[in-house]
Amino acid sequence: MKLNERSLAFYATCDSPADNSGFLYKRGERHTAYHRRWFVLKGNMLFYFEERDSREPVGVIVLEGCNVELCDSAEGFAFAIRFGGTKSRTYVLAAESQAAMESWVKSLSRASFDYMRLVVRELEKQLQEMRQGLAGGCEGSREPPGPWKPKPSVLEQSRERLPALPAILPKENGCAVWNNVLGAGRPPDASGCGGHDEEENPRPPPLPPRRRVSNGEAASAGAAVAESPSTFCRLHEQYSREVARLRQDWLQRQRGPRP
């Protein structure tokens with residue numbers, strides 16, 4: 001492999017983020033003495049400098065086709081970078097602590113393109129399995145998933161629970177009644193207020209008790225109506241205004257006090 005020294009020196013000292021960096025002790029190739037060097041890991045290249053502020057690296061190790069493993073050495077926290085082949089060199093390094101050694105071994109083991117290739121294949125496999133699972137779930141369902149719809153607010157839900165009052169109240173014997181309104185079949189509240197039923201729907205106001213009319217009163221009332229045809233119209237208008245007022249009061253109680 002041919003490497004351009006200037007390009008390597010620029011890449012080693014540029015502002016690109018490093019995968020790992022720190023001081024390590026490197027054993028010499030001819031002499032077994034350890035020298036303290038500043039190491040910088042970028043991609044699959046491990047650069048080492050004489051000092052931290054050095055402008056050019058002393059050397060570079062290309063981390064392809066190698067294994068990173070712990071080894072026995074005079075220095076503590078030592079590990080080795082071994083390459084395949086009989087004439088390949090083995091780099092023995094030592095960290096200053098157990099945590100630093102574990103960090104370097106982990107980052108160096110994951111620096112090669114072979115490792116990245118395995119990770120990409122595993123991610124592609126997981127993505128394919130997720131797509132197949134989603135496709136099977138969509139085929140198994142009867143209806144395709146529809147567009148997302150927001151949930152109704154509390155105010156809208158409360159409006160939906162309110163009973164729909166008729167535009168024109170039904171009349172019985174010329175007077176408006178509430179029996180045809182939703183919830184009229186239930187017994188009225190003893191407190192005299194509309195209240196709410198079991199389904200939290202507001203109840204209509206209770207009906208006033210009907211007074212039984214005797215034969216004599218009915219005859220006199222019929223005679224009065226016969227004598228004055230406009231009496232029925234006046235009674236109808238009077239009861240209509242009273243019913244409208246009761247209905248308006250009931251609606252105001254349901255709405256609550258104004259802020």
Side-chain angles (χ1 to χ4, degrees), residues 1-4 7-22 24 39-48 57 60-71 77 79-85 88-91 93 95 97-166 182-183 186 196-202 254-255:
M1 179 184 295
K2 294 183 179 180
L3 299 176
N4 190 307
S7 300
L8 285 179
F10 175 77
Y11 180 60
T13 57
C14 67
D15 296 335
S16 61
D19 299 323
N20 202 346
S21 61
L24 293 174
F39 283 80
V40 176
L41 175 63
K42 290 188 176 183
N44 64 338
M45 293 186 179
L46 180 61
F47 301 93
Y48 53 96
V60 59
I61 304 173
V62 181
L63 302 172
E64 292 296 337
C66 62
N67 296 324
V68 182
E69 55 189 23
L70 302 181
C71 65
F77 313 113
F79 58 94
I81 303 176
R82 302 183 186 275
F83 291 87
S88 300
R89 180 182 174 182
T90 298
Y91 294 87
L93 307 174
S97 63
Q98 179 70 21
M101 181 192 67
E102 294 178 357
S103 175
W104 274 107
V105 170
K106 183 183 297 183
S107 58
L108 293 175
S109 301
R110 300 176 179 179
S112 64
F113 282 109
D114 293 336
Y115 177 83
M116 296 300 297
R117 190 180 297 109
L118 293 176
V119 172
V120 171
R121 289 179 180 176
E122 182 64 23
L123 293 177
E124 290 177 349
K125 182 180 178 181
Q126 295 180 8
L127 179 60
Q128 185 68 19
E129 292 177 356
M130 292 177 60
R131 288 178 177 176
Q132 292 178 358
L134 293 176
C138 294
E139 292 177 359
S141 60
R142 296 182 180 180
E143 298 179 359
W148 177 83
K149 296 181 179 180
K151 295 182 179 180
S153 61
V154 179
L155 181 59
E156 294 177 354
Q157 293 179 357
S158 61
R159 290 179 179 177
E160 293 178 357
R161 289 199 299 264
L162 290 176
L165 297 176
L182 180 62
R186 301 182 179 85
H196 294 77
D197 58 7
E198 296 178 356
E199 299 179 357
E200 296 299 328
N201 294 325
Q254 295 300 324
R255 295 174 182 173

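Note that these values count all heavy atoms, side chains included, but never hydrogens, waters or copies made by symmetry.
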Minimum-distance pair of heavy atoms, taken over all atoms of M116 and R110: SD-O, 4.3 Å
field: Inter-residue atom distance Y115.OH - S109.OG, 0.5 Å rounding
entry: 8.5 Å
Point-to-point distance, once rounded to the nearest 0.5 Å, from CG of L134 to CD of Q132: 10.5 Å
Heavy-atom check, side chain of L46 versus side chain of W104, under 4.5 Å: yes
- prompt: Do side-chain atoms of E64 reach the backbone of N44 as a donor and acceptor pair under 3.5 angstrom?
  reply: no
Side chain to side chain contact (heavy atoms under 4.5 Å, CB included) evaluation trace for I81 with E69: CA-CA 7 Å; I81 303 176; E69 55 189 23; over 6 Å; no
- prompt: Can you find a pair of side-chain heavy atoms, one from Y48 and one from V40, that are under 4.5 Å apart?
  reply: no
message: Any side-chain to backbone donor/acceptor pair from N20 onto S107? Under 3.5 Å, distance only.
response: no
message: Among N67, T90, I61, which residue satisfies the side chain to side chain contact (heavy atoms under 4.5 Å, CB included) criterion with F83?
response: I61
- prompt: Side chains of Q98 and E102: is there a donor and an acceptor less than 3.5 Å apart?
  reply: yes
task: Check A9 against T13 and note the closest heavy-atom contact, atom names and distance.
output: O-OG1, 2.8 Å
field: Distance, nearest 0.5 Å, that separates CG of L70 from CZ of F77
entry: 11.5 Å
message: Tell me whether R89 at atom CZ has more than 12 heavy atoms from other residues, nucleotides or ligands lying less than 6.0 Å away.
response: yes
field: Six-ring centre of Y11, K42 cation under 6.0 angstrom, axis tolerance 45°
entry: yes
- line: In terms of heavy-atom contacts, L41 and G43 come closest through CD1-O, 3.6 Å
- prompt: Does any non-hydrogen side-chain atom of L24 lie less than 4.5 Å from one of F79?
  reply: yes
message: Nearest 0.5 angstrom please: R131 CZ to E129 CD, how far?
response: 12.5 Å
message: Contact between R82 and C71 at the side-chain level, heavy atoms closer than 4.5 Å - yes or no?
response: yes
statement: dist Q126:CD -> Q128:CD (nearest 0.5 Å) comes out at 12.0 Å
